[in-house]
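We count ligands from 1, going down the list as the structure has it; atoms in each ligand are counted the same way. The structure presented is a predicted model; accordingly, all values stated were derived computationally and were not measured. Computed from heavy atoms alone, side chains included, the values below leave out hydrogens, waters and symmetry copies.
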Amino acid sequence: MSNQRPIYFDNNATTAIAPEVFEAMVPWLTEHYGNASSAYRMAQRAKDALQTARVQVASLLNCEPREILFTSCGTESDNAALHSALVTTGHKHIITSQVEHSAITKYGEYLERTGRAAVTWLPVERDGTLDLAALERAIRPDTAVVSLMWANNETGVLFPVAEAAALCRSKGVLFHTDAVQCPGKIPLDLATVPADFVSLSGHKLHAPKGIGVLFVRKRARFANFVIGGGQEGGRRGGTENIAYIAGLGRAAELARENLIDEQTRVRGLRDRFETELLASVPGAVVNGHRDLRLPNTTNLCFPGADGEALLHELDHHGVCASAGSACTTGSMEPSHVLTAMGLTPEQAKGSLRFSFSQKNSLEEIDFVLGLIPALLHQQKQSFPLAT
Ligand code: PLP
């Protein structure tokens, strides 16, 4: 396989830029390079492109264009939401979960370490789901914000964000959700999910890396995280990256158009992959709730396997997958998500994530389905004492 195109089953780590997205970006990287804040006509074009993208992203989320704030990435959006909530409320308590992306966990740890806020880390159930009663019990009079991811990047498990957001609204507490993994995979309707802040990242929806979105509900007060010029309606300093913003706008349109395909064909590929492996690998189990999950993600535990070695073997055959989040790959640490779900470190290290997209085909699925049992068998032969 080495000279062929890789079989890319790691779409939760990042996605290929769609040709339509690339096309939408090119003019802003070549002839129309004006600064959107300047006074001449060339700048007006850039300003118009910004507004077009704002409308496109707002349509994806069913919100108002003025509620869309462009950022540099999903991590910045997550950090900015927590920062703003702490500053505008003056409160010093945050509630989040133990299975969030490091964009939230590391920022939460930083807040704790520096005494800026206390953090309640909600546990999850064995299947990765969240108990809303535990959230309700954790809310305090000094809670600034609750931050819960919409879909988990490692398992695809969905949190009940509509209910959690409504609960927070009823208690007068701000609610943020990291929806980075969701566009194009599940419907995102902010008219029915009363979140105050929502984070997105371009490179998870076939737009480039280095561009993100923070939805800020118009009723929510906002304190700048990136301070400088008066861009983004005074809410974020930094000259706007028009090419990437235009690309993200086009990607948001495509995500809406492709939702059905993701929920049917891509789900079908995932289900075939999962069902066949569960049948062909003795003891294999799915990590995470089988139904409350993104349609493109499966996280499988192969008991006794060395997940890291399996990844390398797969890579050798041109197959890209992941052991937990991209950030933990390469380190020997078991995934914090899987251990929070009660897996032992050995079970976590024997688990791999496969995340599909519309670019994947049945032929690719069947090729890898033939490969994995053989690679696991080889591992068993090399390490016969592994259980
Ligand atoms: N949140 C989640 C759930 C993610 O999966 C990621 C990326 O892996 C991020 C946040 C960070 O996004 P970015 O890479 O754009 O900073």
Ion pair check, Glu262 and Arg270, cut-off under 4.0 Å: no
Run down the list Asp178, Asn152, Asn12 and name the one with the heavy atom closest to atom 10 (C) of ligand 1.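 Answer by nearest heavy atom: Asp178.
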Have a look at ligand 1 and work out which part of Thr75, if any, has a heavy atom under 4.0 Å from it: side chain, backbone, both or neither. both
Shortest non-hydrogen contact from Pro6 to Cys320?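 Closest approach of Pro6 to Cys320: CB-SG, 4.1 Å.
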Which ligand 1 atoms are under 4.0 Å away from a heavy-atom of [X]?
X: Lys204; value: 5 (O), 6 (C), 7 (C), 8 (O)
X: His203; value: 13 (P), 14 (O), 15 (O)
X: Asn153; value: 3 (C), 5 (O)

Proximity of Phe175 and Phe197 rings by center, below 6.0 Å: no
Report yes if the distance between the aromatic ring centroids of Phe356 and Tyr8 is under 6.0 Å, otherwise no.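 No, ring centres 6.0 Å or more apart.
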Side-chain (Ser77) to main-chain (Cys73) donor-acceptor, under 3.5 angstrom: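 Answer holds: yes.
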Is the closest heavy atom of Glu100 to ligand 1 under 4.0 Å? no
When only distance counts, is Gly74 in polar contact with ligand 1, meaning an N/O pair under 3.5 Å?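 Gly74 vs ligand 1: N/O contact under 3.5 Å present.
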Take Asn62 and Asp189 through the side-chain hydrogen bond (donor to acceptor under 3.5 Å, both in side chains) test and state the conclusion after the steps. CA-CA 5 Å; Asn62 194 18; Asp189 181 1; 2.7 Å; yes
